[in-house]
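Quick notes on the structure that follows.
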Amino acid sequence: MSREPISRSEHVERLWTGGVWGEGPVWIPETQCLRWSDIPRNVIMEYDSRSQETYVHRHEVEFTNGRTLDLEGRVVQCSHGLRRVEYELDGEPSIIVDHWGDRRLNSPNDVVIASDGSIWFTDPPYGILNPEEGHPGEMEYGGCYVFRYEPDTRELHPVVTELSRPNGLAFSTDESVLYVSDTADEQEGLIRAYPVNVRTGTAGAGFDFATVVPGCSDGFRVDEEGRLWTSSLDGVQVISPAGDVVLRISLPEKSANLCFGGVDGHDLFITASSSLYRIRTLTRQASRPPSQGRTGGG
Ligand code: MG
């Protein structure tokens, strides 16, 4: 029997407010900071858990969105403005990938790293359709795909091509399933599940895993018990591996994304519209399974 997601005595604390649309949270162990994007303000924010101060980490950041850490602990993030996935090292962004063949990407939204170091990301067009979230532009390859990028060979290829607005993504604990949300319907958030082979970057037939009501499921993470913690219109919903909602955490504003972090990994940080929230949990981010033979790197 799995542990409860949170203790009943826990409550949500608001750590900071004053933003517009918070997205892309990641915990950075080295500095004990929570970093996130405020897309319309075109800034990257940080909350320092030691000083409890919140500040602008960088201005004029080309509308960054989702981010994560790679196997070496480097920040990998999505850039709406530059239509790319990029590293940010010591405050300096550098390109990872921005084209599929000779076509530019739409506006990468969220990203996850597999145990072999491959970079998987979603590519809906919000950054080229919404002027407050990027720069107007064309959808050059004519779709909105989930891609896998292999850093060593620099190969990019589509894994899932059937979704309208792929957005959040995460692997199951054993990496046999890739969850992807589709935010085309903002009232009823759909999360699809695809059996995948991480090494080959192939996906089998997908199925509807869960419907998030009130929608939508923008960003999510999977915990050690295989449960999926997703953003929603009313806060956070925790969904069992069977697809059932087992917990709702209410927030006074729409949430966009979340991540685990803190000194022991048990804090859940939630970027919800104008604010950053935190709640203690009884679980942590699922660790990656041992790589079945990583290609290159450290
Ligand atoms: Mg998103």
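For this chain, numbers begin at 1 and follow the sequence in order. Order of appearance sets the numbers: ligands from 1, and atoms from 1 within every ligand.
Separation of the Trp36 and Trp21 ring centroids does not fall under the 6.0 Å cut-off.
Using a cut-off of 2.8 Å, one finds that Asp110 contributes no N/O/S atom close to the Mg ion (ligand 1). Under 2.8 Å from the Mg ion (ligand 1) lies no N/O/S atom of Asn257, from backbone or side chain alike. The Mg ion (ligand 1) lies at 2.8 Å or more from every N, O or S atom belonging to Thr183.
With 3.5 Å as the limit, one finds no donor-acceptor pair spanning the side chains of Tyr179 and Thr230. The closest side-chain donor-acceptor pair between Ser37 and Arg67 falls under 3.5 angstrom.
When the Mg ion (ligand 1) is compared with the N/O/S atoms of Asp218, atom OD1 turns out nearest. Nearest N/O/S atom of Glu23 with respect to the Mg ion (ligand 1) is recorded as OE2.
Counting only heavy atoms from C-beta outward, the side chains of Val111 and Trp120 never approach each other to under 4.5 Å.
In this structure, Gln187 places its CD atom where only 12 or fewer heavy-atom neighbours from other residues, nucleotides or ligands lie under 6.0 Å away.
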